[in-house]
Protein chains: 2
Amino acid sequence: MTARPDPTALAGGVAGPAALRPLVETVLTALADGAAARGGPVAAGRPDELAAGVRKVLDGASADPLSELTRLLAEGAADPADPACAAHLHCPPLAVAVAADLAVSALNPSLDSWDQAPAATVLETELIGELAELVGYPRETAAGVLTSGGTESNLLALLLARDTVLAADGRRVELDGVDPARRPRLFASAAAHFSVQRAAAVLGLGERAVVPVPVDGAQRMDLRALAAALAAARRAGETPVAVVATAGTTDTGAIDPLPACADLAAEHGAWLHVDAAYGGGALLSDRLAPLLAGVERADSIALDWHKLGWQPVAAGVFLARREQSYASLARRAAYLNPADDEAAGYPSLLGRSLRTTRRADAFPIAVTLRTVGRAGLGRLVERCHELAGYAARRIRSHPELELWGDPALTTVLFRLRGLDDAQHARLRRRLLATGRAVLGRAEVGGAEVGRAEVGGAGLPPLTTWLKLTVLNPHATESDLDRLLAEVLRTAHESG
Amino acid sequence: MTARPDPTALAGGVAGPAALRPLVETVLTALADGAAARGGPVAAGRPDELAAGVRKVLDGASADPLSELTRLLAEGAADPADPACAAHLHCPPLAVAVAADLAVSALNPSLDSWDQAPAATVLETELIGELAELVGYPRETAAGVLTSGGTESNLLALLLARDTVLAADGRRVELDGVDPARRPRLFASAAAHFSVQRAAAVLGLGERAVVPVPVDGAQRMDLRALAAALAAARRAGETPVAVVATAGTTDTGAIDPLPACADLAAEHGAWLHVDAAYGGGALLSDRLAPLLAGVERADSIALDWHKLGWQPVAAGVFLARREQSYASLARRAAYLNPADDEAAGYPSLLGRSLRTTRRADAFPIAVTLRTVGRAGLGRLVERCHELAGYAARRIRSHPELELWGDPALTTVLFRLRGLDDAQHARLRRRLLATGRAVLGRAEVGGAEVGRAEVGGAGLPPLTTWLKLTVLNPHATESDLDRLLAEVLRTAHESG
C-alpha cells in the first residue's frame with residue numbers, strides 16, 4: 001500500500017512535476033466524468049437547484065476534494081467546447097494553451113519584477129512586440145501589457161488618455177485640481193461596451209462624461225453624429241479627451257469606421273482608442289484583416305486572446321502606439337525596481353500595468369502562436385466566420401425565423417416570428433433550464449429597419465434578439481442545424 | 001506510427017481530457033528538465049544573456065514548441081519552491097492548487113454571467129462567505145470578490161470609499177462635478193503599499209490626496225500622527241475619505257494598530273480599509289490571528305491567497321463588510337444580467353468586480369481549503385513564521401551581520417556590517433547573477449534607532465537592507481543557514 005501523498009507538496013522545483021502528476025491525472029479523470037455526467041452544453045436545472053447541489057458537496061466530508069470538486073465544476077459548467085454553448089464571447093480554449101497555462105501555475109512567475117520572472121519578462125516583452133506588429137504599430141516605439149481583458153484594457157487606455165490630454169499642461173489630474181471649465185468628455189458609440197462608462201466612473205470623470213454617439217442601422221458609429229458631437233463639445237468649451245471606436249461590438253460584431261474616427265480624433269486633439277477585444281481576432285486572417293483597416297492609427301488598442309484566440313481566461317492585451325504614453329503610470333518601488341538595478345540592466349515591467357502581482361498570461365499565447373501559427377489561427381477565425389454565415393443563411397430561409405442582419409464577425413442575431421420580447425427571454429431561459437442550449441440575448445434596433453432610417457429622425461426602439469456566438473471552430477453545419485431545431489422545438493413545446 | 005495530434009484540439013468537452021493528457025505530460029517532463037538544468041533558485045547569468053537565449057528559441061523553428069518553451073520558462077524562472085529564492089511575497093504554490101487551476105483553464109468559466117459559470121458562480125459565492133467569516137464579518141451582510149491581488153483590491157476599496165463618502169449627498173463623483181472645496185484626502189502610513197498612491201491617481205483623486213502618516217520605529221502607523229493629520233484635514237475643510245491601515249507591510253510585515261485606526265476613522269467619518277494582502281494569512285493560524293485583532297471593524301479588507309495561502313497567481317480577495325457598499329459598481333448589461341433573468345433566479349456577480357470576463361480563481365482556493373484545511377494552512381503559516389524567527393536569531397548572533405528587528409510575520413531584514421547601501425545593492429545583484437540566491441531589498445529606517453526616537457523630532461534616514469522573505473514552509477533551518485553562508489561567501493568574494 002502506498003503512503004498517502006503529502007497534501008502540502010509544492011508544484012515547483014525538481015520534485016514538483018512528480019507531485020503534480022497523480023493530481024493532474026485526478027483532474028483529467030474528473031473532468032471527463034463531469035462532462036459525461038453533464039451530457040450537454042450545460043447541466044439541466046434551475047439555479048437554486050444547482051446551488052443546493054454545490055453547497056451539499058462543499059459542506060460534506062470528502063476523501064478526495066480535488067476529484068469531487070473538479071467533477072462538480074465540470075458537471076456544473078456551461079462548456080463552450082459544446083457547439084450548443086454559444087451565448088457569449090466565451091471561447092473553448094485549445095488544449096495546447098491550457099497545458100501551457102499549467103506550466104505558468106506551477107512556476108508561478110510574477111511580472112512585477114524581473115527577479116520573480118526572468119524568462120517570463122522576456123517572453124512577454126517579445127510577445128508584445130509581435131502583437132504590435134500584428135496591429136501595424138512600429139515595434140520599436142510601441143509598448144503594451146497583458147491584461148485581464150477588454151475592461152481592464154479600456155480602463156488603462158482611458159487613464160493614459162486622461163493623463164495625456166488633461167495633464168498636457170503639466171498639471172496633475174485630481175478631483176480638486178482640474179479646472180472645472182475644462183470638462184473632460186469621452187465619445188463612444190451607443191453600441192460600445194459598457195466598460196467605457198465604467199472606466200469613466202472609476203477614473204473620476206463620471207459616467208456623464210461619456211457622450212453616446214448614435215449608430216447607423218448596422219450598429220456602426222455614425223460619423224456625422226460623431227463629428228457633430230465633437231464640434232458641439234468644443235463650442236461648449238468642453239475637452240474631448242478620447243474617442244473610443246469599437247472593432248467588433250459584443251452583440252453584432254459591428255466595426256466602427258476606423259480611418260474616419262482617426263481623422264476626427266486627430267482634428268479635435270482627442271486620443272483614439274480602439275476596443276478590438278472581439279474583432280482583433282480578424283487580424284489573424286489575411287482574408288478578414290481588412291475589416292480592421294486603420295486600426296494602426298489608434299493611440300491604443302485592446303485585444304482579447306480569450307475571445308477569438310482560444311486561450312483560457314485571462315489573455316487580454318493592451319497596446320499603446322507610443323511607449324511614452326505610459327509616463328503617468330511609471331512607478332519606482334524600492335523593493336521592485338530600484339534605479340540602480342535598472343541601470344545594471346535589470347528590466348522592469350512594473351510601469352506597464354495597473355496591477356502589481358501579475359501572472360504570466362503571455363506564455364500560453366506565445367506557445368499557441370508557435371504551435372498553431374498565425375495562419376492556423378486565422379483559419380480558425382475564418383471557420384467561425386463561415387459557420388456564422390451558414391447559420392445566418394439558414395435563419396433567413398426559415399419561415400418561422402427572422403434574421404437581424406448579416407453577421408459582421410461571428411455573432412448571429414435572430415428572432416422567432418410571432419414571439420414578443422418577453423417570450424424570447426423566457427425561451428432562452430427554458431433552453432438553459434432544460435440543458436439543451438446556451439444562447440445569448442441582445443437588445444438592439446432592427447438592422448433592416450434601421451438601415452432605411454439612417455440619417456432620419458431616430459433609430460427604431462430596442463428589441464430583444466436571441467444571439468448565437470460562434471467561437472467553436474470545430475462546430476459543424478449539422479451542429480448548427482441541430483441547435484436551431486432545438487430552439488424551434490423548445491418554442492413549440494412552450495406553446 | 002501514431003498520427004500527429006491535432007494542434008487545434010480543444011481542452012473542454014468529453015474528449016478534452018484525452019487531448020490534454022499527452023500535452024500535460026509534455027509540460028511535466030519539461031518542467032522537471034528545466035528545473036534540473038537551472039540547478040538552483042534562478043539561472044545564473046546577466047539579464048541580457050538570458051534575453052538573448054530566450055529570443056533565440058523564440059526565433060528558431062521547433063518541432064515541439066510546448067516542450068521547448070516550457071523548458072525555457074522553467075530554466076529561466078526564479079522558482080519560489082527553492083528555499084534560496086526568498087525575495088518577494090511570491091509563494092511556491094501547492095501542487096493541489098495548481099492541479100485545481102488546470103480544471104479552471106480547461107473549462108474556462110467566466111464569472112461575469114451565470115450562463116458562463118453556473119457552478120463556479122456558486123463556488124465563488126460560498127468561498128466569499130467562508131472568508132467573510134474568517135475575517136469576522138457577518139456572512140449574511142458581507143460581500144466580496146476575487147481580484148488579481150492587493151493592488152486591485154486596494155483600488156476597489158478606495159473606489160467604493162470615494163463613492164460612499166463623496167457621493168453621500170447623492171451627487172455623482174466626477175472631475176467637473178465635485179465641489180473643489182471638499183478636497184478628498186486618504187490617510188495611509190508611510191510604509192503602506194505604493195498601490196494606495198496609484199489608486200488615488202487612477203481614481204482621479206490625485207496622488208497628492210494621499211496624506212502619508214509617519215510610522216513608529218517598528219514601521220507601524222503612528223497613531224498620534226494619524227489623529228493629528230485627520231484633525232488638521234478637517235480644520236482645513238478637507239474631506240477624510242479613507243484611512244488605509246496595513247496588516248503586514250511588504251518590507252517588515254508591520255501591522256498597524258487596527259482597533260485605534262478604526263476608532264479614528266469612525267470619529268472622522270472616513271472609510272477604513274485594511275490592506276491585509278500579506279498579513280491576512282495570519283488569520284489561518286489560531287496562534288497568529290490575534291495579530292490582526294480589530295480587522296473585523298474595517299469597512300473593507302484585501303487578502304492575497306497567492307502570498308500566505310500558497311495559490312498560483314491570481315488569488316486576491318476583496319471583502320466589504322456591507323453588501324450595499326457596492327452600490328456605485330452595480331451595472332445592468334442586457335447581454336449579461338437582464339433584470340428579468342435575475343427575477344427568474346439567475347444570480348449575477350457582474351457588479352462585484354471591476355472586471356467583466358473573470359477567471360474562476362476561487363476554485364483552487366476552495367479545493368485547497370478542503371484538502372489541507374484551515375488548520376493545516378495555519379500550520380504552514382506558523383512554520384514560515386518560526387523559520388523567519390530562526391533566521392533572525394542566527395543573524396542577530398552573527399558578528400558580521402546586523403538585524404533590522406524581530407520579524408513581525410515572515411520577512412527578515414539584515415545588513416552586513418561595514419557595507420554601505422550601494423554595496424548591499426551590488427551584493428544582491430551578484431547573488432542573482434551567480435544563480436546562488438534571490439534575496440529582496442528594502443529601504444527603511446533602522447528599527448533599533450527608530451524605536452528610541454518615537455515621538456522625537458523625526459525618523460532616521462532610509463537605509464538599504466537585504467530582505468529574506470520566508471514563504472516556503474518546507475524550507476529547513478539548514479536551508480537558511482546555507483543561504484546566509486552563501487550571502488557571506490559572496491560578500492567576501494566581492495572583497
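Computation of the quantities below employed the complete heavy-atom set of this structure, encompassing side-chain atoms and omitting hydrogens, waters and symmetry-equivalent molecules. Here is how names work: the chains are called A, B, and so on, in the same order as the sequence lines, proteins then strands, and each is numbered from 1.
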Electrostatic pair [X]-[Y], nearest N-O below 4.0 angstrom:
X: Asp341(A); Y: Arg426(B); value: no
X: Arg355(A); Y: Glu152(B); value: no
X: Arg370(A); Y: Glu68(B); value: no

Tell me, for [X] versus chain A, whether the close heavy atoms (under 4.5 Å) come from the side chain, the backbone, both or neither.
X: Asn108(B); value: both
X: Val14(B); value: both
X: Ser113(B); value: side chain
X: Leu354(B); value: both
X: Val202(B); value: both

For the candidates [options], which exhibits the highest count of non-hydrogen atom pairs separated by less than 4.5 Å from chain B?
options: His90(A), Glu75(A), Gln311(A); result: His90(A)
options: Val372(A), Leu66(A), Leu159(A); result: Leu66(A)
options: Ala360(A), Pro338(A), Pro473(A), Ala30(A); result: Pro338(A)
options: Val438(A), Thr125(A), Thr250(A), Leu336(A); result: Thr250(A)

Polar contact flag, side-chain donor to acceptor under 3.5 angstrom, Asp115(B)-His88(A): yes
Side chains of Thr8(A) and His474(B), donor plus acceptor under 3.5 Å: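 On atom types as modelled, these side chains qualify, holding a pair under 3.5 Å.
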What distance separates [X] [atom1] from [Y] [atom2], expressed to the nearest 0.5 Å?
X: Leu73(B); Y: Phe363(A); atom1: CG; atom2: CZ; result: 4.5 Å
X: Thr356(A); Y: His193(B); atom1: OG1; atom2: NE2; result: 4.5 Å
X: Thr151(A); Y: Asp112(B); atom1: OG1; atom2: CG; result: 8.0 Å

Residue pair Asp340(A), Arg441(B): steps toward the salt bridge (charged side-chain N to carboxylate O under 4.0 Å, His left out) verdict: CA-CA 12 Å; Asp340(A) 56 305; Arg441(B) 65 188 264 183; 3.0 Å; yes
